[in-house]
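What you see is a predicted model; the values in this text were computed from it and never measured.
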Amino acid sequence: MICCDCEKGSTHDFKLLKKSRVHFQQGQLCLADAGYQGLHKRHQRSHTPHKKPKGAEQKQKNQFLAAQRIIIEMV
């Protein structure tokens with residue numbers, strides 16, 4: 001679980017993450033929600049859901065990722 005900056009008003013999650021300059025360790029796994037699309041360009045071991053899943057395989061991957069993330073979000 002990471003924490004980054006907060007701002008007044010509406011600011012995109014990924015923009016806040018970039019501004020906070022949080023660095024991931026090379027082997028660290030990162031499970032993120034759809035607000036962090038493009039995170040894989042900064043960190044190779046990051047996983048975000050497909051925006052519009054095309055086919056059963058992408059939908060199944062999104063469901064698996066959601067099942068993993070819910071455990072963390074409930075904390």
Under a single-linkage definition using a 4.5 Å side-chain heavy-atom cutoff for Ile, Leu, Val, Met, Phe, Trp and Tyr, are V22 and F14 assigned to the same hydrophobic cluster? yes
Considering only heavy atoms from C-beta outward, does the side chain of L39 approach that of H47 to under 4.5 Å? no
Rounded to the nearest 0.5 angstrom, the CD-OG distance for Q28 and S46 is 10.5 Å
Please report the interatomic distance OG1(T11) to CG(L17), rounded to the nearest 0.5 Å. 13.0 Å
CZ (R45) and CG (L29) are apart, to the nearest 0.5 Å, by 5.0 Å
Interatomic spacing from OH in Y36 to NZ in K15 - rounded to 0.5 Å: 14.0 Å
CG (L65) and CG (D33) are apart, to the nearest 0.5 Å, by 9.0 Å
Could you tabulate the donor-acceptor pairs under 3.5 Å formed by side-chain atoms of residues 50-63, not counting sequence neighbours?
unit_1	atom_1	unit_2	atom_2	d
Q58	OE1	K54	N	2.7
N62	OD1	H50	N	2.8
N62	ND2	H50	O	3.2

For H43, what residues pass the ring pair (Phe, Tyr, Trp, His ring centres under 6.0 Å) criterion, not counting sequence neighbours? F24
